[in-house]
Amino acid sequence: MNSPPPTLPSSAVTVSKPNSAVTNYVPVVFDSPHSGTFYPTDFNFSVPLAILRGTEDTHVEALYATAVNHGATLIAANYPRSYIDANRSLLDIDAAVMEGEWPEPISISEKAKNGMGLVWRLANTGANIYARKLGVAEVRARINNYYAPYHHAVKTALDQAYEKHGAVWHVNCHSMPAISGANDAEGAGIARADFVLGDRDGTTCAPEFTAFVALTLSEMGYSVKLNDPYKGVELVRAYSNPAQHRHSLQVEINCKLYMNELTRKRTAAFDVLKQNIDLLIARIAGYAVSQINQINQIEQTGKHHER
């Protein structure tokens, strides 16, 4: 058994909002569900810690930390996805990880079939995370104490922004290994683009928003792919409704751009990427403001015509 990193802080989730000095509050919410590095004491995993750390989106919350300076909200999970994955549906239960029958409906995905459902059974390498089965009560506690607070924080932030502005832009923030592994859909050994944007094939946000983010990144010199190999999972699915001006986009950053994947340490390139992410945040904030102005103008024109 490995000694875990420092135990979880008082909250499973960190919510960062613009302070009182920021007057340009914008309806943009960034969330990082997989960058947590505090391992709960009841995790009791049986694989080397380095293997579990390979499942983290390490440092992603730091890359987006300046979101609050641009009037946006940033939400980050403090716990690791290998403990419970906030980017999975509550139905996505892998029964093989548990001892006893799960008392609620199950709708298993390909991720869960591969041991990476709501509660992971296998690490990215295919190694068994546990030397035992988890109890139903253990899984329930993880949902109540970690998964539910994260989703509550994301939903609350999105709803508050929507109620104030009548629209909201949600950016779901991740990182990805530079080279695909054996358990990845595209097969092993495939070099990935610098950024992958996922809008579930155009269903979670307006195509114009996806195109705007792609163009912004391309103009910075990055290679960008759309929905390949990542289309977006639960967090963009659950909180999006483009017809109602609720837009969600998943953004995957290639780890090679900012860290050593073996040591999880930042490289010298981290600061350059963070500056570019800061510019991306500013551009997204500006995009949201322009879109709000257009929506308000259309509504005002419609009211004028009704008179």
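For this chain, numbers begin at 1 and follow the sequence in order.
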Enquirer: Just by distance, do the side chain of N87 and the backbone of E234 share a donor-acceptor pair under 3.5 Å?
Expert: yes
Enquirer: I'd like to know if the side chain of Y258 reaches the main chain of L273, judged simply by a donor and an acceptor atom lying under 3.5 Å from each other, with no hydrogens or angles considered.
Expert: no
Enquirer: Do the ring centers of F209 and Y287 come within less than 6.0 Å of each other?
Expert: yes
Enquirer: Is L235 reachable from L74 through a run of hydrophobic residues whose side-chain heavy atoms are each under 4.5 Å from the next?
Expert: no
Enquirer: Is the ring centre of H247 less than 6.0 Å from the ring centre of H170?
Expert: no
Enquirer: Under 4.5 Å between side-chain heavy atoms, counting indirect links through other Ile/Leu/Val/Met/Phe/Trp/Tyr residues: same cluster for V272 and L257 or not?
Expert: no
Enquirer: So, are R132 and E138 salt-bridged, with charged N and O less than 4.0 Å apart?
Expert: yes
Enquirer: Answer yes if the ring centres of Y162 and H245 are under 6.0 angstrom apart, and no otherwise.
Expert: no
Enquirer: Check whether R192 reaches the backbone of P177 with its side chain - one donor and one acceptor, N or O, closer than 3.5 Å.
Expert: yes
Enquirer: Would you confirm whether S180, through its side chain, and E186, through its main-chain N or O, come within 3.5 Å as a donor-acceptor pair?
Expert: no
Enquirer: Ring centroids only, cut at 6.0 angstrom: are Y39 and Y83 within range, meaning strictly under it?
Expert: no
Enquirer: Do S35 side-chain atoms and V60 backbone N/O form a donor-acceptor pair below 3.5 Å?
Expert: no
Enquirer: Taking all non-hydrogen atoms of both residues, which atom of Y25 and which atom of P18 are closest, and how far apart?
Expert: CD1-CG, 4.2 Å
Enquirer: Given 3.5 Å as the limit, does a donor-acceptor pair link the side chain of D92 with the main chain of S109, or not?
Expert: yes
Enquirer: Is atom NZ of K133 surrounded by more than 12 heavy atoms (other residues, nucleotides or ligands) closer than 6.0 Å?
Expert: yes
Enquirer: Indicate yes or no: does D228 engage K225 in a salt bridge with an N to O separation below 4.0 Å.
Expert: yes
Enquirer: Taking atom types as modelled, find out whether R264 and T58 have a side-chain donor-acceptor pair closer than 3.5 angstrom.
Expert: yes
Enquirer: May I ask you to say whether D201 pairs ionically with K231, meaning some side-chain N is under 4.0 Å from a carboxylate O?
Expert: yes
Enquirer: Strictly below 4.0 Å, N to O, side chains only: are R246 and D159 in salt-bridge contact?
Expert: yes
Enquirer: Applying a strict under-4.5 Å side-chain criterion to I, L, V, M, F, W and Y, I'd like to know whether F30 and I277 cluster together.
Expert: yes
Enquirer: Output, in order, the C-alpha distance, side-chain angles, deciding distance and verdict of side-chain contact (heavy atoms from CB on, under 4.5 Å) for T14 and N78.
Expert: CA-CA 7 Å; T14 296; N78 293 322; 3.2 Å; yes
Enquirer: Is it true that a side-chain atom of R81 and a backbone atom of H34 form a donor plus acceptor pair closer than 3.5 Å?
Expert: no
